[in-house]
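Let me begin by presenting the structure, written as structure tokens, before commenting on it.
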Amino acid sequence: MNTPAQPATPVLRGAADESLASVAHGSRLVAAWVLVSRVSGFGRVAVAGAVLGPTFFGNLFQLTNSIPALVFGLLFGSLVSAMLVPPLVERLDRAEPDGARRLADGVLGIFLVLFAGVAVLGIFLADPILWLITAGVADPDVRREQMRLGWPLIVVLLPQLPCYALSAVAAAAQQARGRFALAAAAPAVDNIAAIAVLVAFGLLSGAGQDLHAIEETEVLLLGLGTTGAVALCAALQWWGAARAGLRLVPRAGWRQPEIRAMFRMGASSLGSTGLASGAYFGLSVVAGFVPGGVAAFQIANSFVQLPIALTAGALAVVQLPHLSRTVHEGRMADFAAIHRSAMALVVFTMLPASLLLVVMSQALAQAVAFGRMGAPEGIALLAACIAARGIGALAEAIVMLGTSASYARRDSVSPLRAKAIIAAVCVLGMAAAPALHDPVVLMWVLGGAWSLAHVLGALDLTRRQVRVLPDGARLGLRPAAVTLLLSALSALPAWLVLQHAEPWAVLPFGHIQLAAAAGAAA
């Protein structure tokens, strides 16, 4: 006689219940501190746009300042948690704190040597780097001035690389111990310090000054202050790791077999991080074809990344040690339950966020574009970017969460495939740029290419993830359809507020009030 079909969702008991409760508590804690960090990060980008304005110098600083983070992401940087947290969790679970400390110290020693060497190499290659990021500037005088000011910027910004390495290893050490708050909060210190540097630069040099009016000494002040902010964040992360019982001291670690195995896995995953970072940087370079394009692209990115970081970002960080533990203990049903719950929460929160970003793009652009970026052309660029990027916000969140789950299973192939799809679609968007003469259309195409790329990448990654998991990992279509309907209903009152409350915008801070009212209505 046939037995009744069992429900897809497994009955959670014992360790699975504890893991879900711990993930829920940890993700709420991380989300709270991520909110602080992201809001300060958004303030940093907005202040940069206000101080530097829609100028070619603004494009130059934003691009050169993104190079250290880009290079760090290309060379293992974004993989540090995925590489280091699972083996640290195993050693700590086996009550081997000394072994965990030696492992973290060895990884830190290798990373510091690696990224210090890359920083020195990058300084020697400053001219080719500047040639690349200014390739879209048609005016030879403008490009010559960008080359003049870009070289000292690169020299003082590239030393951020070893600081990023220390921050990443220290954050992974805290996460392996189940300490998430400081690791998520420390970037806010970097952002606040960088905002102070930008304000000081604006007071000394004058806001909105372009290339010909800026001296090398002023550029050095801006670059050194920004690098100092990154170093301050690294010091705070190191202190957090020491408080968690893993006081990091760099040492030669290449002889440890586990470290060699980690780097072999990381080497196979370099293509994944390289494709993602390269696609974003390429779109940023193309955005630099128009004055203020880079600032608009990065401000829009900050808007979209805020809800992603609060949901998928927090869950990806917190679920990684728990999923790693279920894998090495062979509890794949628990793995599926944790991942399914995280995915359901991401869909539930990100669908309305995506729709609101599209519906409220103009209001949001007007609310945050101040200073030189508040000119009509700056607002138009920013609104186009926010709307185009908002379309794919849910897909970006799914890619982030799926990548974390894949690395917990030591699967580096699935994220690589997804990132290859993303990069290919972004390249098509970049290729279309030379034919676009309208700056607003250009922003729509660049943001739309990024969104479409992540939709396709999310579909592929989710399909491969579900295929290897036991029953219960699948997210049913019915809850997602209900969420989509409710999201559309929530966007309607926001749209009505924006249509009928426009007179508020003439008041002081009227645009901010209008955006807040539309959000409250939703």
Side-chain angles (χ1 to χ4, degrees), residues 41 44-45 48 52 56-80 107-135 143 145-171 186-187 189-191 193-195 197-198 201 211 214-238 250 266 270 273-274 276-278 280-282 284-285 288 294 298:
R44 173 178 180 169
V45 177
L52 304 178
F56 282 109
F57 177 72
N59 287 349
L60 175 68
F61 175 73
Q62 301 283 49
L63 284 172
T64 52
N65 190 41
S66 67
I67 288 175
L70 169 69
V71 173
F72 182 71
L74 287 171
L75 297 176
F76 298 106
S78 60
L79 295 172
V80 172
V107 171
L108 177 60
I110 293 172
F111 274 144
L112 288 179
V113 172
L114 171 65
F115 287 109
V118 172
V120 173
L121 179 63
I123 292 173
F124 281 106
L125 296 176
D127 286 341
I129 293 172
L130 289 169
W131 181 89
L132 173 64
I133 65 177
T134 61
R143 195 174 186 190
E145 287 298 304
Q146 285 186 317
M147 296 288 288
R148 174 180 69 88
L149 297 177
W151 196 90
L153 269 176
I154 287 180
V155 169
V156 297
L157 290 174
L158 281 177
Q160 294 176 13
L161 281 168
C163 299
Y164 280 133
L166 175 57
S167 289
V169 174
V189 176
D190 177 9
N191 293 327
I195 289 172
V197 172
L198 285 164
F201 175 81
L211 299 164
I214 297 175
E215 300 295 332
E216 286 88 345
T217 53
E218 297 169 330
V219 167
L220 288 173
L221 168 67
L222 185 60
L224 287 172
T226 305
T227 298
V230 175
L232 181 61
C233 176
L236 188 59
Q237 293 281 30
W238 180 89
L270 276 180
T273 59
S277 300
Y280 180 80
F281 187 71
S284 298
V285 170
V294 177
Q298 293 189 351

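Residue indices begin at 1 and follow the sequence shown. All of these numbers come straight from a predicted model, not from anything done at the bench.
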Could you check Leu221 against Thr217 for side-chain contact (heavy atoms from CB on, under 4.5 Å), going step by step and ending with a plain yes or no? CA-CA 6 Å; Leu221 168 67; Thr217 53; over 6 Å; no
Start with the C-alpha distance between Leu114 and Leu161, add both sets of side-chain angles, then the distance that settles side-chain contact (heavy atoms from CB on, under 4.5 Å), and finish with yes or no. CA-CA 9 Å; Leu114 171 65; Leu161 281 168; over 6 Å; no
Run the side-chain contact (heavy atoms from CB on, under 4.5 Å) check on Phe72 and Val118 step by step: do they pass? CA-CA 9 Å; Phe72 182 71; Val118 172; over 6 Å; no
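If you take CZ on Phe61 and CG on Leu198, they are separated by 5.5 Å, rounding to the nearest 0.5 Å. Taken to the nearest 0.5 Å, the OG1 atom of Thr64 stands 10.5 Å off from the CD1 atom of Ile129. For the atom pair Trp131 CH2 and Leu125 CG, the distance stands at 14.0 Å (nearest 0.5 Å).
For the side-chain contact (heavy atoms from CB on, under 4.5 Å) test, residues two or more places apart in sequence or in another chain that qualify with Asn191 are Ser40, Arg44. Partners of Tyr280 under the ring-ring contact (aromatic ring centres under 6.0 Å, His included) rule, at least two apart in sequence or in another chain, are Phe297, Trp450.
Across every non-hydrogen atom of Gly223 and Leu157, the tightest pair is O-CD2, 3.8 Å. The minimum heavy-atom distance linking Ala165 with Leu108 is given by the pair O-CD1, 4.4 Å. Considering all non-hydrogen atoms of both residues, Trp151 and Ile123 come closest at NE1-O, 4.2 Å. The shortest heavy-atom contact between Cys233 and Ala186 is SG-O, 3.6 Å. Between Ala194 and Ala229, the closest heavy-atom pair is N-CB, 3.9 Å. The two residues Ser167 and Ala234 make their nearest non-hydrogen contact at OG-CA, 3.1 Å.
No donor-acceptor pair closer than 3.5 Å links the side chain of Thr227 to the backbone N or O of Leu224.
Between Leu153 and the options Val219, Leu63, Asn65, a side chain to side chain contact (heavy atoms under 4.5 Å, CB included) holds for only Val219. The only member of Thr226, Val230, Leu232, Leu236 that meets side chain to side chain contact (heavy atoms under 4.5 Å, CB included) when paired with Asp190 is Val230.
Under the 4.5 Å side-chain criterion, counting only non-hydrogen atoms from C-beta, Val156 is not in contact with Leu222.
The distance between the ring centers of Tyr164 and Phe115 does not fall below 6.0 angstrom.
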